[in-house]
Amino acid sequence: MQTLKVDLGERSYPIHIGEGLLDQPELLAPHIAGRQVAIITNETVAPLYLERLTRSLSAYSVISVVLPDGEAFKTWETLQLIFDGLLTARHDRRTTVVALGGGVIGDMAGFAAACYQRGVDFIQIPTTLLSQVDSSVGGKTGINHPLGKNMVGAFYQPNVVLIDTATLKSLPARELSAGLAEVIKYGLICDEPFLGWLEDNVDRLRALDQTALTYAIERSCAAKAAVVGADERESGVRATLNLGHTFGHAIETHMGYGVWLHGEAVAAGTVMALEMSARLGWISEQERDRGIRLFQRAGLPVVPPEEMTEADFLEHMAIDKKVIDGRLRLVLLRHMGEAVVTDDYPKEVLQATLGADYRALAQLKG
Ligand SMILES: NC(=O)c1ccc[n+]([C@@H]2O[C@H](COP(=O)([O-])OP(=O)(O)OC[C@H]3O[C@@H](n4cnc5c(N)ncnc54)[C@H](O)[C@@H]3O)[C@@H](O)[C@H]2O)c1
Ligand SMILES: O=C(O)C(=O)C[C@@H](O)[C@H](O)[C@H](O)COP(=O)(O)O
Ligand SMILES: [Zn+2]
């Protein structure tokens with residue numbers, strides 16, 4: 001087992017990474033203050049892992065709340081089901097909310113923990129690659145609004161993140177690829193040598209090689225922990241974790257939540273950010289193509305939805321959380337392995353990026 005730390009002073013917490021950790025209650029016990037535990041999961045993950053986790057937590061009074069599965073359920077209505085479960089079982093302020101599932105469950109359970117009786121303890125047990133490398137770390141929690149992704153939420157850090165890499169064995173291939181989008185993101189924004197490692201190992205990752213997966217998870221979590229430790233509430237460098245997300249969130253919202261997976265939208269969105277960085281002359285066309293090729297090898301889409309017009313993108317992007325005084329800040333690449341957050345770009349370059357021929361770019365690489 002490997003343990004990393006998210007360094008946030010009094011709210012610091014460990015990230016434990018290893019195979020079979022669901023069966024190691026001693027890793028959770030130091031982070032559970034009271035007698036009550038509420039496991040929040042969904043109808044897909046519950047049959048796979050709920051019984052094992054409940055057994056691990058048999059020293060506590062455990063309830064579980066099993067939610068419907070999917071991005072389309074990351075809503076107020078579903079959040080209410082969590083509060084219904086907690087109140088019906090009379091959980092008090094010393095309860096611990098445990099998220100067991102992917103990023104949708106983690107984001108919603110974390111937001112519920114932030115709100116329930118004005119804040120109770122929270123633990124993340126992520127079971128998708130995406131949630132293990134990204135969403136379980138850093139304390140962004142929340143739900144979607146029909147007009148925009150993650151528009152309602154809170155920063156609320158967990159007490160511990162427990163990553164059992166063996167849970168990835170049951171993950172569908174499409175979901176594994178979605179997680180790889182966020183893994184590739186770290187290479188692009190802050191770790192160019194990792195991009196080279198990913199190019200050498202993407203096939204092993206897709207084949208669920210446990211050694212390669214564990215290495216990618218550790219390196220991703222280390223990158224995320226460093227960024228979050230430096231800027232917990234996104235007043236600066238943390239916004240670089242949003243590479244590809246301004247375009248990607250527009251795709252998710254426009255297409256209907258869940259039609260494109262988050263990781264898929266981030267992949268296509270990051271290709272758009274690569275294209276814009278190339279148009280600005282910050283990276284070369286060869287470097288842009290290197291990124292496109294890696295997303296393709298990871299099994300990810302690199303062409304935005306045909307039906308989305310430039311106006312559609314601009315409409316959704318106008319309410320991105322990085323907009324300040326009506327000016328859209330974008331995360332772009334100054335170099336491969338170095339992201340910047342900027343509103344200093346000619347409008348025409350953004351227009352040209354939205355209108356670029358991504359199908360042609362994809363074919364060149366394909
Ligand atoms: N808070 C953050 O910092 C952050 C970061 C990245 C993404 N997110 C959010 O995370 C969400 C995406 O997360 P996701 O990709 O994990 O999607 P998800 O939570 O929808 O999970 C993907 C699918 O895999 C299933 N699943 C989960 N674990 C499984 C397992 N071990 N075996 C088989 N099936 C399993 C789920 O039930 C679901 O059907 C989005 O809502 C995104 O906005 C948040
Ligand atoms: O942790 C962060 O910060 C991120 O931006 C990570 C992203 O991968 C993630 O999708 C996050 O939920 C996006 O946040 P948002 O504030 O743009 O909704
Ligand atoms: Zn993301």
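Just follow the structure's listing: the first ligand is 1, and inside any ligand the first atom is 1.
Residues forming a side-chain contact (heavy atoms from CB on, under 4.5 Å) with Pro346 (at least two apart in sequence, or on another chain): Leu280, Glu348, Val349. Residues satisfying the side-chain contact (heavy atoms from CB on, under 4.5 Å) criterion with Thr128, sequence neighbours excluded, are Leu130, Ser131, Leu171.
Taking the six-membered ring where the residue is Trp, His254 and His316 present perpendicular rings, their angle passing 60° and hence far from 30°. Ring pair Trp197/Tyr215 is tilted by interplanar angle, where 30° to 60° counts as tilted.
Not a single heavy atom of Met151 sits closer than 4.0 Å to an atom of ligand 2.
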Atom pairs, nitrogen or oxygen, ligand 1 to protein, under 3.5 angstrom:
| residue | atom | partner | partner atom | Å |
| --- | --- | --- | --- | --- |
| ligand 1 | 1 (N) | Asp107 | OD1 | 2.9 |
| ligand 1 | 1 (N) | Lys140 | O | 2.8 |
| ligand 1 | 3 (O) | Lys224 | NZ | 3.2 |
| ligand 1 | 13 (O) | Gly103 | N | 3.2 |
| ligand 1 | 16 (O) | Gly103 | N | 2.8 |
| ligand 1 | 16 (O) | Thr128 | OG1 | 2.6 |
| ligand 1 | 19 (O) | Gly103 | N | 3.0 |
| ligand 1 | 19 (O) | Val104 | N | 3.0 |
| ligand 1 | 28 (N) | Thr127 | O | 3.4 |
| ligand 1 | 28 (N) | Thr127 | OG1 | 2.7 |
| ligand 1 | 31 (N) | Thr127 | O | 3.0 |
| ligand 1 | 31 (N) | Thr167 | O | 2.9 |
| ligand 1 | 31 (N) | Ser170 | OG | 3.3 |
| ligand 1 | 32 (N) | Ser170 | O | 3.3 |
| ligand 1 | 32 (N) | Ser170 | OG | 2.7 |
| ligand 1 | 37 (O) | Asn42 | ND2 | 2.9 |
| ligand 1 | 37 (O) | Asp69 | OD1 | 3.2 |
| ligand 1 | 37 (O) | Asp69 | OD2 | 2.9 |
| ligand 1 | 39 (O) | Asp69 | OD1 | 3.2 |
| ligand 1 | 39 (O) | Asp69 | OD2 | 2.7 |
| ligand 1 | 41 (O) | Glu71 | OE1 | 2.8 |
| ligand 1 | 41 (O) | Glu71 | OE2 | 3.0 |
| ligand 1 | 41 (O) | Lys74 | NZ | 2.8 |
| ligand 1 | 41 (O) | Lys149 | NZ | 3.2 |
| ligand 1 | 43 (O) | Lys74 | NZ | 3.2 |
| ligand 1 | 43 (O) | Lys149 | NZ | 2.6 |

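Among all non-hydrogen protein atoms, the one lying nearest atom 18 (O) of ligand 2 is Lys321 NZ, 2.7 Å. For atom 6 (C) of ligand 2, the closest non-hydrogen atom on the protein side is Asp134 OD1, 3.5 Å. For atom 1 (O) of ligand 2, the nearest protein heavy atom (residue, atom name, distance) is Lys224 NZ, 2.6 Å. Nearest protein heavy-atom neighbour of atom 5 (O) of ligand 2: Asn242 ND2, 2.9 Å. Residue, atom and distance of the protein heavy atom nearest to atom 12 (O) of ligand 2 are Asn150 ND2, 3.3 Å. Distance from atom 16 (O) of ligand 2 to its nearest protein heavy atom, with residue and atom name: Lys140 NZ, 2.9 Å. Remark: minimum distance from atom 9 (C) of ligand 2 to any protein heavy atom is reached at His245 NE2, 3.8 Å. Of all protein heavy atoms, the one closest to atom 3 (O) of ligand 2 is Arg238 NE, 2.7 Å.
Between Asp164 and Arg52, at least one side-chain N (NZ, or NE/NH1/NH2) sits under 4.0 Å from a carboxylate O, which counts as a salt bridge. Look at Arg279 and Glu285 and you find no salt bridge, because none of the NZ, NE, NH1 or NH2 atoms lies under 4.0 Å from a carboxylate O.
Using modelled atom types, one finds a donor on one side chain and an acceptor on the other under 3.5 Å when comparing His262 with Glu252.
Of the N or O atoms in Asp107, none lie within a sub-3.5 Å distance of an N or O in ligand 2. Polar contact with ligand 2: present for Glu182 (N/O pair, distance under 3.5 Å).
Protein-derived N/O/S atoms nearer than 2.8 Å to the Zn ion (ligand 3) total 3, waters excluded.
For the atom pair CD1 (Ile82) and CD1 (Ile105), the distance works out to 6.5 Å, reported to the nearest 0.5 Å.
In the vicinity of His262, heavy-atom distances shorter than 4.0 Å reach the ligand 2 atoms 10 (O). Under a 4.0 Å criterion applied to the non-hydrogen atoms of Lys185, ligand 2 contributes the atoms 6 (C), 7 (C), 8 (O).
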